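Note that the structure is a prediction, hence the values are computed from the model and not measured.
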Amino acid sequence: LISGALRIENYSDFGLTSNFKIATRLKASSKLNLRASVSTGFRAPSLQQINFSSTFTTVQAGNIAEVKIAPNYSPITKAASIPELKQEESLNAGLGFAWQAAKGFNITIDGYLVKVKDRVVISGQFDGSDPNLDAGLRAQMAALNVSLAQFFANAVNTTNKGLDIVMDYTKRWGHHRVKGLFAGNFQSM
């Protein structure tokens, strides 16, 4: 069995994107199925990541400071040279099998890999007293009367890989049934 899908979308604020999925299943025997898939993904920044704005007070090492989390389109964000947020893109792959090891006893094992490019995260804090900071950014921070500033940015590429294992056993005696289930996940980021 082979299946495929293609999705093409045009967003008014992020433009054209296309994503695909290809999956296959091979019936190796009456009790063993092998399966695999590859796909791409897309996630536009959330409205909160684009528009969130907050000023709060923090205490760090005994010092009280005002922190500004600025929206992506604000002058202070532009002064920090933070580009406009763009979509996150992912590549996903999976490989596994489902096996009926004995009557009523099934085992499935699936490995997976997920790579996300341009993940949206909140930055560390820019310190307005740092002389190496751009003068324009320091001026914007002074105008807002804040000592520290943070921004949402496409700043991280991540890779997750892991293994899912599920074993279940069912035994019936007339109207009675016993069921045992073991499920585990091993993951590395």
Over all heavy atoms of both residues, which pair between [X] and [Y] is shortest? Give the atoms and the distance, please.
X: Lys78; Y: Tyr73; result: NZ-CA, 3.9 Å
X: Tyr112; Y: Phe186; result: OH-O, 4.3 Å
X: Ile76; Y: Ala149; result: CD1-CB, 4.2 Å
X: Val120; Y: Arg43; result: CB-NH2, 4.3 Å
X: Gly96; Y: Asp110; result: CA-OD1, 3.4 Å
X: Phe152; Y: Leu85; result: O-CD2, 3.5 Å

Can we say Lys68 and Glu66 salt-bridge, meaning some charged N sits less than 4.0 Å from an Asp/Glu carboxylate O? no
For the pair Asp130 and Arg138, find out whether any cationic side-chain nitrogen is under 4.0 Å from an anionic carboxylate oxygen. no
Check: Thr77/Asn72 side-chain N/O donor and acceptor closer than 3.5 Å: no
Atom [atom1] of [X] and atom [atom2] of [Y]: how far apart are they, to the nearest 0.5 Å?
X: Lys103; Y: Lys171; atom1: NZ; atom2: NZ; value: 7.0 Å
X: Phe126; Y: Gln140; atom1: CZ; atom2: CD; value: 13.5 Å
X: Leu34; Y: Ser29; atom1: CG; atom2: OG; value: 8.5 Å
X: Ile107; Y: Phe97; atom1: CD1; atom2: CZ; value: 6.5 Å
X: Thr24; Y: Ile2; atom1: OG1; atom2: CD1; value: 4.5 Å
X: Ile69; Y: Gln125; atom1: CD1; atom2: CD; value: 8.0 Å

Tyr11 and Phe42: CA distance, side-chain angles, deciding distance, ring-ring contact (aromatic ring centres under 6.0 Å, His included) verdict: CA-CA 12 Å; Tyr11 291 87; Phe42 164 92; 5.0 Å; yes
Applying side chain to side chain contact (heavy atoms under 4.5 Å, CB included) between Phe56 and each of Val67, Val146, Leu148, report the one that passes. Val67
Joint hydrophobic cluster, [X] plus [Y], side-chain heavy atoms closer than 4.5 Å:
X: Leu32; Y: Tyr169; result: yes
X: Phe182; Y: Ile109; result: yes
X: Leu95; Y: Trp99; result: no
X: Ile50; Y: Val156; result: no

Given side chain to side chain contact (heavy atoms under 4.5 Å, CB included), test Asn106 with Thr108 step by step and report yes or no. CA-CA 7 Å; Asn106 298 302; Thr108 61; 5.7 Å; no
Any heavy-atom pair between the side chains of [Y] and [X] that's under 4.5 Å?
X: Val178; Y: Trp173; result: yes
X: Phe105; Y: Gln100; result: no
X: Met141; Y: Leu133; result: yes
X: Gln187; Y: Asn160; result: yes

Checking [X] side chain against [Y] main chain: does a donor-acceptor pair fall under 3.5 Å?
X: Asp118; Y: Glu88; answer: no
X: Asn185; Y: Asp164; answer: no
X: Gln150; Y: Ser123; answer: yes

Just to verify, what does Thr159 make a side chain to side chain contact (heavy atoms under 4.5 Å, CB included) with, not counting sequence neighbours? Leu113, Lys115
Please lay out, stage by stage, how Val38 and Leu91 fare under the test side chain to side chain contact (heavy atoms under 4.5 Å, CB included). CA-CA 8 Å; Val38 175; Leu91 175 65; 4.2 Å; yes
Are more than 12 heavy atoms from other residues, nucleotides or ligands located less than 6.0 Å from atom [atom1] of [X]?
X: Glu84; atom1: CD; value: no
X: Asn10; atom1: CG; value: yes
X: Gln48; atom1: CD; value: no
X: Leu16; atom1: CG; value: yes
X: Arg7; atom1: CZ; value: no
X: Leu47; atom1: CG; value: no
X: Lys21; atom1: NZ; value: no

Ser39 and Asn92: side-chain hydrogen bond (donor to acceptor under 3.5 Å, both in side chains), yes or no, with the steps? CA-CA 5 Å; Ser39 64; Asn92 314 285; 3.3 Å; yes
